[in-house]
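Okay, structure first, notes after.
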Amino acid sequence: MTIEDGRILEVGPATEGERLPGRALAPGFANDHSHAFQRGLRGAVERIEPSRPHDDFWTWRERMYVLAEGLTPNTVREATRRCYEEMLSAGFTSVTEFHYVHHRPDGTSYEDPNALAKAVALAAEGAGIRLLLLPVAYARGGLPRFRDTSVPSFLRRIDDLREWAEGRPLVEVGVAAHSVRAVGRAWLQELAEYAHRYDLPLHVHADEQRREIEECLSEHGVRPVELLAHTGFLGANTTIVHATHADARELDLLSERGASVCACPTTEGNLGDGFLPAAEILDRGIPLSVGSDSHVRIDPFEELREIETNARRLSGRRNVLLAESETSSTPYLLRAGWGNTGPKPGDPADLIEINLSHPVLADTEAENLPSALVFGSGSGVIVGAWVDGQNVCAPDDKGG
Ligand SMILES: [Zn+2]
């Protein structure tokens, strides 16, 4: 691989340069859904409160709110930097941050209304990871500090943030709506118009919980993805996060409008959400990505493996997620993890280094390496990461 000015110039058999024995180079993985601060809950919420023996997404959410309530610009920056450093050491070279903690705990703006969003961006720059920053619109529910008073005031913040991010090569700004729970019809329309006008990535949580679908049906008479279709929210730049309980009609809508789905299997499993209709998503040609979401675990191989393994548990078959003319699910899963088909000239040089001498891989034949990575390994085999051609994680960063 030849790299110049942070871009891949050429991929193919090397004629010159240094050959590194026992190492393989691969594209870095794209972490398409993150709430960095939630990493602080890791290990802390794996027990019930005896007074409330029924624990599920909604009780977990209360504990997440307690953590969110106490955040400051400094702690956001610090927690985010640690999270992103872990991502780089695990093989993720880019992250999409779904950022919804915007204001002071009482809901009033910081002196700089984008203080917390900028804290996230500065953390990404400090760690060296590529960032798609999605300020998230939140109209109702949640904590006061999540909410903006109107769409125009929210979009003014986005305008300012986009301007601030210009000239920051690792930072791109998009936009998101939290969910159909937190954002009503009129807001969805205005957010969609704004995103489509400026050709911005547009994300939303949808169909994560059955209760969310029941509430949407009783408020709007349609299911969440149908509401998104009616409000103009779905397009080629739109990503639906979770889609766990999407039905056939909703999946058809995603396919028709060219929208994508982001699966977060380790988090969805941890929260007891359920498992997305992966085979139906593949059948309809809906692009799929993965995210480590709450960061109960940060490991791209585990996210990808979970998708196929859950599809196997549900179907009683093996190699379920086969793209046309392929005989293994590995290429499909890797494309979902990379967000593309593999390294090619012109791509940013966002790469990871794999230790082929690691005990997990030491006996693996070269032709089986991709499947051994996806089905048999973890982030421990990653020993380096490059973003924009710069080394941002070396073996020493992983404790030797
Ligand atoms: Zn999320």
Side-chain angles (χ1 to χ4, degrees), residues 30-42 45 56-68 71 76 79-80 83-84 87 92 94-102 116-117 120 124 131-143 145-147 174-183 188 191 201-213 215-216 224-225 228 233 238-246 259-276 288-300 302-303 306-307 336:
N31 195 338
D32 206 20
H33 190 67
S34 161
H35 308 282
F37 80 88
Q38 291 179 11
R39 181 171 171 274
L41 294 173
R42 185 186 287 169
V45 291
D56 61 11
F57 171 86
W58 307 100
T59 42
W60 170 87
R61 190 178 70 159
E62 287 170 25
R63 297 163 89 168
M64 182 270 282
Y65 282 178
V66 173
L67 179 64
L71 295 170
V76 165
T80 304
C83 184
Y84 290 174
M87 282 184 200
F92 286 114
S94 71
V95 57
T96 302
E97 183 70 21
F98 198 93
H99 172 74
Y100 59 82
V101 185
H102 300 301
L116 293 179
V120 169
L131 172 72
L132 170 58
L133 178 56
L134 303 177
V136 176
Y138 216 112
R140 58 190 186 186
L143 298 178
R145 67 185 319 187
F146 300 168
R147 299 194 293 260
V175 64
H178 183 275
S179 57
V180 300
R181 284 187 276 117
V183 178
L188 289 172
L191 293 166
L202 178 63
H203 288 217
V204 61
H205 293 131
D207 286 338
E208 181 177 11
Q209 289 295 324
R210 294 186 197 282
R211 189 170 113 190
E212 165 203 333
I213 297 169
E215 288 173 0
C216 188
V225 172
L228 295 170
F233 206 89
T238 309
T239 298
I240 303 296
V241 181
H242 301 305
T244 308
H245 302 288
S260 307
V261 165
C262 177
C264 308
T266 59
T267 292
E268 289 151 3
N270 186 269
L271 297 181
D273 288 349
F275 177 62
L276 84 170
L288 183 72
S289 57
V290 293
S292 60
D293 194 354
S294 71
H295 312 303
V296 59
R297 178 90 174 103
I298 298 180
D299 184 333
E302 189 162 335
E303 299 297 341
E306 283 263 308
I307 298 174

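The first residue in the sequence is number 1, and the count goes up from there. Indexing begins at 1, ligand by ligand and atom by atom, following the structure's order.
Residues Glu303 and Thr266 have side chains that bring a donor and an acceptor to within less than 3.5 angstrom of each other. Residues Thr244 and Glu208 have side chains that never bring a donor and an acceptor to within less than 3.5 angstrom of each other.
Each of Val241, Leu134, Leu228, Thr239 was compared with Val204 under the side-chain contact (heavy atoms from CB on, under 4.5 Å) criterion, and only Leu228 meets it.
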Derivation of the ring-ring contact (aromatic ring centres under 6.0 Å, His included) call for Phe98 and His205:
CA-CA 10 Å; Phe98 198 93; His205 293 131; 4.3 Å; yes
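Aromatic rings from His35 and His33 are positioned such that their centres are separated by under 6.0 Å.
Protein N/O/S atoms closer than 2.8 Å to the Zn ion (ligand 1): His33 NE2, His35 NE2, His205 NE2.
Considering OG1 of Thr267 and CH2 of Trp60, their distance stands at 7.5 Å, rounded to 0.5 Å.
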